[in-house]
Amino acid sequence: MDARGLGLMLALELATPAQAVALEHEAFTRGLLVLGCGHKSVRLSPPLVIDEATMASGLEVLARAVEAVAAG
């Protein structure tokens, strides 16, 4: 996985398009909206006024979704 972006808008590039779709689905089922972008990436675009607690919660959900996709 590779991460790129500026500021709060980031993209996570996964190894395959199927993993990108799976991560989008896993995050959504856990209550986190990420958007597919490009061939095998997902975009993270939180609001500019996000507070630290909300950001920490979102990152925890994202980590669980990534673990689920990695586990297969």
Side-chain angles (χ1 to χ4, degrees):
M1 183 181 322
D2 184 36
R4 62 183 181 276
L6 293 171
L8 292 179
M9 184 181 285
L10 300 172
L12 301 176
E13 185 175 343
L14 290 98
T16 66
Q19 285 182 332
V21 170
L23 179 57
E24 188 175 357
H25 177 74
E26 287 292 332
F28 182 76
T29 60
R30 290 168 165 75
L32 181 66
L33 182 61
V34 298
L35 303 170
C37 67
H39 183 62
K40 54 183 179 177
S41 300
V42 295
R43 179 180 301 137
L44 309 173
S45 186
L48 295 175
V49 295
I50 194 165
D51 60 74
E52 190 173 336
T54 304
M55 182 66 79
S57 176
L59 288 173
E60 186 176 321
V61 171
L62 180 63
R64 281 190 255 127
V66 168
E67 288 172 357
V69 170

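If you're wondering where the values come from, they're calculated on a predicted model, not measured in any experiment.
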side-chain contact (heavy atoms from CB on, under 4.5 Å), that's the test. Do Glu26 and Val66 meet it? Break it down for me.
CA-CA 8 Å; Glu26 287 292 332; Val66 168; over 6 Å; no

What distance separates Leu62 CG from Ser57 OG, expressed to the nearest 0.5 Å?
11.0 Å

I need the minimum non-hydrogen distance between Arg30 and Ala68, along with the two atoms involved.
NH2-CB, 3.8 Å

Out of curiosity, does Leu59 fall in the hydrophobic cluster containing Leu48 (side-chain heavy atoms, cut-off under 4.5 Å, transitive links)?
yes

Which pair of non-hydrogen atoms, one from Cys37 and one from Val42, has the smallest distance, and what is that distance?
SG-C, 4.0 Å

In Å, rounded to the nearest 0.5 Å, how long is the span from CD of Glu24 to CG of Leu14?
11.0 Å

May I ask whether Leu32 and Met1 are part of the same hydrophobic cluster, defined by side-chain heavy atoms of I, L, V, M, F, W, Y residues being less than 4.5 angstrom apart, directly or through others?
yes

Heavy atoms only: give me the nearest Ser41-Ala20 pair and the separation to one decimal.
N-CB, 3.9 Å

Looking at side-chain heavy atoms only, is the closest gap between Lys40 and Glu13 below 4.5 Å?
yes

Closest contact, heavy atoms only, Ala27 versus Val34
CB-CG2, 4.0 Å

Are any side-chain N or O atoms of Gln19 and backbone N or O atoms of Ala15, one a donor and one an acceptor, separated by less than 3.5 Å?
yes

Quick one, Leu12 with Leu44, criterion side-chain contact (heavy atoms from CB on, under 4.5 Å). Give me CA distance, side-chain angles, the key distance, then yes/no.
CA-CA 8 Å; Leu12 301 176; Leu44 309 173; 4.1 Å; yes

Shared hydrophobic cluster for Val21 and Phe28 (ILVMFWY, side-chain gaps under 4.5 Å):
no

Between CG of Leu23 and CD of Glu67, what distance do you get to the nearest 0.5 Å?
11.5 Å

